[in-house]
Structures are given as structure tokens and as C-alpha cells.
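The analysis underlying the following values was restricted to heavy atoms, covering all of them including side chains, and did not include hydrogens, waters or symmetry mates.
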Amino acid sequence: MTLPTLYLEGLMQRSVLGSAELNAYKLGLIEALLKDTLRRVGAIDDGDELQATLRTAIEVARWEPPGPPRHRPERHEGR
């Protein structure tokens, strides 16, 4: 499952500001997802929709910003 583009953009923007900002954004997003799910739980006919929302909340919690590109260590011949 991939996160919606809007969520990814927000996560990327917050990650630039530091881990505290990113974590606060994640918590707010997860809270909004769960509150919306609880509000709609009686109207949700399909358990798949409920599971999809909960999976999205979990994916938000697990999201980590992409790290710096990995460089191969240089090999120094003759040393």
C-alpha cells in the first residue's frame, strides 16, 4: 500500500524541519484518520474500507524520510 500523495508531501515537508516536527505531523495525521474512521464506523458497510484506513494510519506511523544516497566506499589501491 502506498500513502496518498498529499500525505507524502506533508511528511516530506515536515521531515525537512526535523524529527519533532515530523512526529507531530504524523500524530496529527493518524489522529485525523482514526477520528474520521470512528465517526464513520456505523456508515462503513465494508470491513475492507475500515482495514484500509487503519493500514494507512499504520503506514503513516512507520514512514521514515528517505536517507541520504548511499555511496560506495572508495577503494584506494596500494594501501
Side-chain angles (χ1 to χ4, degrees):
M1 168 180 259
T2 59
L3 289 170
T5 303
L6 186 60
Y7 293 1
L8 286 174
E9 288 176 17
L11 289 165
M12 290 295 290
Q13 289 173 5
R14 293 314 188 288
S15 71
V16 173
L17 299 174
S19 60
E21 288 288 331
L22 174 60
N23 289 336
Y25 182 76
K26 283 181 175 183
L27 287 173
L29 190 53
I30 292 166
E31 180 182 14
L33 285 164
L34 295 177
K35 281 182 176 179
D36 183 59
T37 301
L38 285 173
R39 183 182 54 78
R40 296 180 313 120
V41 78
I44 296 175
D45 296 332
D46 188 0
D48 291 340
E49 185 180 348
L50 179 61
Q51 287 182 9
T53 302
L54 296 175
R55 281 192 197 105
T56 299
I58 291 169
E59 194 170 334
V60 166
R62 292 180 175 169
W63 187 88
E64 292 293 327
R70 295 183 182 189
H71 297 292
R72 297 172 106 185
E74 292 184 25
R75 300 184 94 185
H76 296 284
E77 298 298 324
R79 290 191 180 183

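- Remark: I58 pairs with R62 by the side chain to side chain contact (heavy atoms under 4.5 Å, CB included) rule, at least two apart or across chains.
- Note that OG1 of T53 is 9.0 Å distant from CG of L34, once rounded to the nearest 0.5 Å.
- Two residues are said to be in side-chain contact when any heavy atoms from C-beta on lie closer than 4.5 Å; L3 and L11 meet this criterion.
- Between L6 and Y25, the shortest heavy-atom contact is O-OH, 4.3 Å.
- Cluster membership check: L29 shares its hydrophobic cluster with L50, using side-chain heavy-atom separations under 4.5 Å among Ile, Leu, Val, Met, Phe, Trp and Tyr.
- The shortest side-chain heavy-atom distance between M12 and P66 falls under the 4.5 Å cut-off.
- In terms of heavy-atom proximity, K26 sits nearest to A61 at NZ-O, 3.3 Å.
- One finds the CD atom of E59 at 6.5 Å from the OG1 atom of T2 (value rounded to the nearest 0.5 Å).
- A distance of 14.0 Å separates CG in L33 from CZ in R55, rounded to the nearest 0.5 Å.
- You'll find the side chain of L22 stays beyond 4.5 Å of the side chain of L17, heavy atoms only.
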